[in-house]
Every structure is written in structure tokens, then in C-alpha cells.
Amino acid sequence: MNLSKVNRQFGENTKNFIYRVLKTNIMILNIQPGTGISESDIGETLGVSRTPIRESVVKLSEERLMDVYPQKGSFVSYIDLKLVEEAFFMRKIVEREVLKLATQSFSPQAIKELEKNLKFQNIIAQIEEDHTELFFLDNDFHRIIYKEVGKERVWEAVQSLSTHYDRVRFLDAIEKTNLVPTLDQHKEIINIIKNGETDKVDAMIDKHLSNFKNKIGYLIEKYPNYFLKG
């Protein structure tokens with residue numbers, strides 16, 4: 001199995017490492033929806049035993065990224081538009097409140113983190129053909145905000161429930177259809193936080209989270225084999 005490289009973190013146990021490798025490759029569509037997962041291939045590629053692989057598959061199935069069928073095997077789930085819509089609904093509510101909290105209290109250091117992140121986003125957008133790293137920087141931009149307002153565990157829950165939504169976001173990222181609006185809106189978000197403009201939060205969240213929604217039809221047409229039928 002040809003897996004994109006994922007660096008092992010210091011002190012990370014084998015099960016968590018395998019889980020991160022598989023999840024990363026599924027989220028960036030290196031392992032495409034509908035693909036069967038071979039425990040022996042993964043074990044050979046990563047040099048690990050089958051037990052932590054099975055445990056990782058169970059965790060991924062709980063996040064709706066894998067479908068496990070007794071006697072048949074484990075398969076990467078197709079993108080389910082119902083789950084995309086549910087995640088969109090949840091994020092509109094949660095991120096609106098998180099950004100309002102950020103306008104009320106946000107440290108200068110955290111502002112610098114956001115600005116540094118955005119600089120990297122702009123650099124990659126200008127010089128890199130592969131926008132995989134841009135997708136992860138985008139996620140980290142929002143994670144910084146959640147963390148600064150004391151809602152990092154909420155961010156983890158949001159990420160867990162946004163697996164199908166984020167795969168559509170990744171498709172949109174590699175298509176580069178919303179690249180300039182997204183980067184401009186990140187700059188606007190920083191300014192809203194800096195200036196404490198709570199009154200601008202609702203409109204910004206509606207605009208920012210809706211970037212890709214009008215592109216879903218195009219993405220389904222271009223990548224029909226990635227989406228759940230019916």
C-alpha cells in the first residue's frame with residue numbers, strides 16, 4: 001500500500017500512530033473512498049502487527065471514515081452528503097460562538113500565531129502546486145482560535161464529527177476554487193478578533209463556512225466515485 005508519509009510523534013504508541021497514518025491518508029484522499037483495507041499490506045508497509053491495526057480501524061469506523069463488514073472486510077467510507085450537512089450545521093453554531101468569545105478576549109501572542117499561520121498559507125498558495133499542506137494549515141488556523149478561548153476539546157469533537165465535511169473541503173482545496181476568498185476571509189477573521197468586532201461575527205461565519213457549498217455539485221460531477229450513491 002502506497003501511504004503518504006506521516007512522521008511518528010515523540011512517545012506516540014503504535015495504535016495511535018497507525019490511526020493517524022490511516023486517517024491522514026483517508027482525509028487527503030490518498031486512500032480513496034470504497035478502497036478495501038488490507039491488514040497484511042498495512043502491517044508490511046508500517047512494520048507493525050495486526051492487533052493495533054484492527055484497533056485503529058475500529059476507531060476510524062466510529063468516526064464514520066471506515067465501514068466494517070463481517071466476513072467481507074473493511075472499506076474506506078464514501079462521502080455521505082447527509083453527514084456533510086450535519087457537520088456544516090454544527091460548525092455554523094459552534095464556530096459562531098467561539099469567534100464571539102475570541103473578539104472578547106484574545107492574547108497578542110495568539111494573534112501572532114494566526115498571522116504567522118496565514119503567512120504560511122499565502123506562501124504555499126503562491127508557490128506550491130500541491131495544496132495538501134494548505135488544508136492542514138487552514139485547520140490549524142481555526143484550532144488556534146478554539147484553543148485560545150479555552151475550547152480545545154470542543155475543537156477535537158468538531159474534528160471527529162467533520163470527517164465527511166472535511167473530505168469535501170479537501171476536494172475543494174485541491175481544485176483551488178475558493179482559494180483567494182478563503183485566504184481573504186482568514187485575514188478578515190484576524191481583524192475582527194483584533195478589533196473586537198462581535199457584530200461582524202455572524203455574517204463572517206455564514207460566508208466563511210459556505211465557501212464550498214455552491215461547488216458541491218461540481219465536485220460530485222468531477223469525482224462521482226467518491227460520494228455515497230442515493
Greater than 12 external heavy atoms within 6.0 Å of [X]'s [atom1]:
| X | atom1 | answer |
| --- | --- | --- |
| Arg64 | CZ | no |
| Glu221 | CD | no |
| Glu152 | CD | yes |

Short side-chain to backbone donor-acceptor contact, [X] and [Y], under 3.5 Å:
| X | Y | answer |
| --- | --- | --- |
| Glu86 | Leu83 | no |
| Thr35 | Gln32 | yes |
| Ser160 | Glu156 | no |
| Ser162 | Tyr165 | no |
| Arg96 | Ala203 | no |
| Asp172 | Val168 | no |
| Arg143 | Lys147 | no |
| Thr103 | Gly196 | no |
| Asn195 | Asn191 | yes |
| Lys229 | Pro224 | yes |

Are [X] and [Y] joined in one hydrophobic group, where the rule is that I, L, V, M, F, W and Y side chains link up if heavy atoms are under 4.5 Å apart?
| X | Y | value |
| --- | --- | --- |
| Ile190 | Phe120 | yes |
| Tyr218 | Tyr226 | yes |
| Ile42 | Phe75 | no |

Are [X] and [Y] close enough that some pair of their side-chain heavy atoms sits under 4.5 Å apart?
| X | Y | value |
| --- | --- | --- |
| Leu228 | Leu81 | no |
| Tyr78 | Asp67 | no |
| Phe141 | Gln121 | yes |
| Ile18 | Val57 | no |

**Prompt:** When Glu63 is tested against each of Lys23, His164, Gln159 for side-chain hydrogen bond (donor to acceptor under 3.5 Å, both in side chains), which residue passes?
**Reply:**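 Considering Lys23, His164, Gln159, a side-chain hydrogen bond (donor to acceptor under 3.5 Å, both in side chains) with Glu63 is found only for Lys23.
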
**Message:** Just verifying a value: how many Å separate Ile174 CD1 and Thr132 OG1, rounded to the nearest 0.5 Å?
**Reply:**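 Result: 7.5 Å between the selected atoms.
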
**Asked** OG of Ser56 to CG of Leu46: how many Å apart, nearest 0.5 Å?
**Response**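 CG of Leu46 is found 9.5 Å from OG of Ser56.
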
**Message:** Pair Ile79, Tyr223 - check side-chain contact (heavy atoms from CB on, under 4.5 Å), show working.
**Reply:** CA-CA 11 Å; Ile79 299 173; Tyr223 302 96; over 6 Å; no

Salt bridge present between [X] and [Y] (N-O < 4.0 angstrom):
| X | Y | value |
| --- | --- | --- |
| Lys187 | Asp184 | no |
| Lys100 | Glu95 | no |
| Lys207 | Glu188 | yes |

**Asked** Taking it one step at a time, do Glu113 and Gln109 satisfy side-chain contact (heavy atoms from CB on, under 4.5 Å)?
**Response** CA-CA 6 Å; Glu113 286 186 56; Gln109 181 58 41; 4.3 Å; yes

**Request:** Under the side-chain contact (heavy atoms from CB on, under 4.5 Å) rule, what do Arg20 and Asn16 come out as? Steps first, then yes or no, please.
**Result:** CA-CA 6 Å; Arg20 283 201 312 110; Asn16 288 342; 5.6 Å; no

Any side-chain donor paired with an acceptor under 3.5 Å for [X] and [Y]?
| X | Y | result |
| --- | --- | --- |
| Thr182 | Arg169 | no |
| Arg54 | Ser49 | no |
| Gln126 | Asn122 | no |
| Glu148 | Ser107 | yes |

**Prompt:** Do Lys15 and Ile53 pass the side-chain contact (heavy atoms from CB on, under 4.5 Å) test, and can you show the C-alpha distance, the side-chain angles, and the key distance before you say yes or no?
**Reply:** CA-CA 7 Å; Lys15 182 184 76 172; Ile53 296 173; over 6 Å; no

**Message:** Is there a salt bridge (charged side-chain N to carboxylate O under 4.0 Å, His left out) between Asp166 and Arg91? Walk through the geometry before answering.
**Reply:** CA-CA 11 Å; Asp166 279 346; Arg91 291 181 76 137; 3.4 Å; yes

**Asked** Mind checking whether Trp155 and Tyr146 have parallel, tilted or perpendicular rings, split at 30° and 60°?
**Response**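 Judged by the thresholds at 30° and 60°, the geometry between Trp155 and Tyr146 is tilted.
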
